[in-house]
Amino acid sequence: MDGDGSLRIPNRVETLRVLRLMGDFRPLLMLRGNDDGYGTRWVLDGQQVQPAIARYLMEANFVADTGATEFGARTLTLTESGVRFRENGVRWWASLSVVEKFKITLFG
């Protein structure tokens with residue numbers, strides 16, 4: 001699962017899981033704010049996405065801001081390069097043996 005060569009992919013298994021869940025139609029929601037003391041958070045299907053993964057996807061231009069929801073959250077959807085990255089990641093995962101998948105899941 002190769003991404004932008006200058007950026008290290010954080011937790012490859014979790015990053016691929018997020019990309020698979022996003023698919024072509026589910027946006028990643030970015031909830032800005034320091035009012036509650038938590039800062040910016042990213043959510044997908046009601047589950048929080050690790051900040052390192054969300055930042056990686058944004059910095060590598062795999063997701064783009066496509067507007068705000070009626071509640072003020074920003075919606076981030078996959079770009080063309082994000083779709084290719086997801087497809088490459090799915091192929092990469094499928095090419096691994098069970099032992100390799102276990103090692104990557106366990107050790108990153």
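- R8 places none of its side-chain heavy atoms less than 4.5 Å from the side chain of Y56.
- Among all heavy-atom pairs drawn from A68 and R74, the shortest one is CB-NH1, 3.3 Å.
- Following chains of ILVMFWY side-chain contacts shorter than 4.5 Å, one cannot reach L31 starting from L44, and the two form parts of different hydrophobic clusters.
- Within the 4.5 Å cutoff, no side-chain heavy atoms of T105 are placed close to those of R12.
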Apply side chain to side chain contact (heavy atoms under 4.5 Å, CB included) to residues I9 and F85 and explain how you reach the verdict. CA-CA 11 Å; I9 301 171; F85 182 59; 3.8 Å; yes
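- Here the CD1 atom belonging to I53 is positioned 12.0 Å from the CE atom belonging to M58, to the nearest 0.5 angstrom.
- In terms of the side chain to side chain contact (heavy atoms under 4.5 Å, CB included) criterion, residue partners of V99 (sequence neighbours excluded) are, by chain and number, S97, K103.
- Linking ILVMFWY residues whenever their side-chain heavy atoms come closer than 4.5 Å, directly or via other members, places L16 and L96 in the same cluster.
- Of the inter-residue distances, the one linking R55 atom CZ with Q50 atom CD reads 11.0 Å to the nearest 0.5 angstrom.
- A 4.5 Å side-chain heavy-atom check between T77 and V63 finds every atom pair outside the cut-off.
- Within the 4.5 Å cutoff, the side chain of W93 has no heavy atoms near those of the N88 side chain.
- Between V83 and L19 there is no side-chain heavy-atom pair separated by less than 4.5 Å.
- Heavy atoms only, all atoms of each residue included: A52 and P10 are closest at O-CG, 3.6 Å.
- By the side chain to side chain donor-acceptor pair (under 3.5 Å) test, N61 pairs with no residue at all, sequence neighbours left out.
- Within the 4.5 Å cutoff, no side-chain heavy atoms of L28 are placed close to those of V43.
- Here the CG-CG distance, from L76 to D65, works out to 5.5 Å after rounding to the nearest 0.5 Å.
- The closest side-chain heavy-atom distance from W42 to L57 is not below 4.5 Å.
- Looking only at distances, a side-chain donor or acceptor of R26 sits under 3.5 Å from a matching main-chain atom of L21.
- Between A54 and V49 the shortest heavy-atom distance is N-CG1, 4.3 Å.
- In terms of the side chain to side chain contact (heavy atoms under 4.5 Å, CB included) criterion, residue partners of T75 (sequence neighbours excluded) are, by chain and number, P27, L29, T66, T69.
- Side-chain contact between M22 and F62: absent, with no pair of heavy atoms (C-beta onward) separated by less than 4.5 Å.
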